[in-house]
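Here the structure is laid out as structure tokens; the discussion comes afterwards.
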Amino acid sequence: MYFNSALLASLTILAASAPTAFGAPQPASTAISEGDKFGAITIRSGSEIQNSAIQAAQRSLFVNAKSQNATCASETNSATFYIQDQELRLYSSNDPLNQTIFVDRSGMGMGKIGYITGNESLGRYWETKGWALTESNELQFHGTGIQACPGSIDGGWSIWLQGVEKPGYNENCTGVVAAAYKTDDPIECVYTH
Ligand SMILES: *[C@@H]1O[C@H](CO)[C@@H](O)[C@H](O)[C@H]1NC(C)=O
Ligand SMILES: *[C@@H]1O[C@H](CO)[C@@H](O)[C@H](O)[C@H]1NC(C)=O
Ligand SMILES: *[C@@H]1O[C@H](CO)[C@@H](O)[C@H](O)[C@H]1NC(C)=O
Ligand SMILES: *[C@@H]1O[C@H](CO)[C@@H](O)[C@H](O)[C@H]1NC(C)=O
């Protein structure tokens, strides 16, 4: 995974201060405001996905995939987000290709988190509004955090909303804190779809 040294330093601090049990991360030093660009890492001590950067590929979110295969302004294997009007968007300066995250909390959707590109229309039960960061910069959707499930594509774990034990019939899913960190030098990408 590619990180610049400043980010690596802040991640090291985050890792050192992370609680040993599953729980809220320490308050991040930098507040993230509406429109600010940020990345996010999953926090779950003792797991394979402790401090893994969230990636975007194939209309879904992952951690630990070998490559997200995005087309980016410079090399990166993690996704950059921002929140605008309660929507979670993937950062790209190319507006017609803006990529917006949706959540499907219906019985069929099981907490599916995905993204659409440009003006593509939303599925019947897909919601985009409700994303926010807590005071400690945990990314949540209507107050609910995320979980990760092993055995997905490219060695990755797929990201879902918490609440269903086997989302998409995936086994061994584990609740994680999605800890956002502000990126002062965000990298524009168009993610695969
Ligand atoms: C990235 O591309 C490689 C080569 O085509 C593919 O095997 C892999 O599954 C892709 N990863 C993702 C996360 O889409
Ligand atoms: C979506 O965008 C494309 C390209 O900009 C445009 O041709 C098309 O009419 C748009 N469709 C809708 C439903 O807005
Ligand atoms: C990005 O796409 C979303 C969903 O289609 C739309 O609501 C929003 O206005 C778009 N934003 C920009 C900056 O084009
Ligand atoms: C889930 O965990 C069980 C017990 O450890 C294991 O046998 C199974 O292969 C795991 N499944 C996945 C998809 O990781």
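We count ligands from 1, going down the list as the structure has it; atoms in each ligand are counted the same way.
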(message) Can you check atom 4 (C) of ligand 4: any protein non-hydrogen atom closer than 4.0 Å?
(response) no

(message) Around atom CD of Q86, are there more than 12 heavy atoms from other residues, nucleotides or ligands closer than 6.0 Å?
(response) yes

(message) Do T192 and N69 pair up side chain to side chain, a donor and an acceptor below 3.5 Å, judged on atom types alone?
(response) no

(message) Please tell me whether K112 and S60 have a donor and an acceptor in their side chains that are separated by less than 3.5 angstrom.
(response) yes

(message) Closer than 4.0 Å to some heavy atom of E171 - which atoms of ligand 4 meet that?
(response) 11 (N)

(message) Would you say Q99 and T117 are linked by a side-chain donor-acceptor pair, where the criterion is simply a distance under 3.5 Å?
(response) yes

(request) Enumerate the atoms of ligand 1 whose separation from the nearest heavy atom of Q58 is less than 4.0 angstrom. (result) 12 (C), 14 (O)

(request) Please report which non-hydrogen protein atom sits nearest to atom 13 (C) of ligand 1, along with the residue it belongs to and the distance in Å to one decimal place. (result) S67 O, 3.2 Å

(message) Exactly one of V63, I54, L61 should register a side-chain contact (heavy atoms from CB on, under 4.5 Å) with I146. Which one does?
(response) I54

(request) Write out the residue and atom name of the closest protein heavy atom to atom 7 (O) of ligand 1, then the distance separating them to 0.1 Å. (result) D154 OD1, 4.6 Å

(request) Please report which non-hydrogen protein atom sits nearest to atom 6 (C) of ligand 4, along with the residue it belongs to and the distance in Å to one decimal place. (result) N172 ND2, 4.2 Å

(request) Look at E120 together with R59 and state whether they make a salt bridge at an N to O cut-off of under 4.0 Å. (result) yes

(request) Could you tell me whether atom 9 (O) of ligand 1 has at least one protein heavy atom nearer than 4.0 Å? (result) yes

(message) Against ligand 1, does G156 come closer than 4.0 Å with any heavy atom?
(response) no

(message) Suppose we measure from atom 1 (C) of ligand 1 to each protein heavy atom; which comes out shortest, and what is that distance?
(response) N69 ND2, 1.5 Å

(request) Please check if any side-chain donor atom of W126 sits under 3.5 Å from a side-chain acceptor atom of T128, or the reverse. (result) no

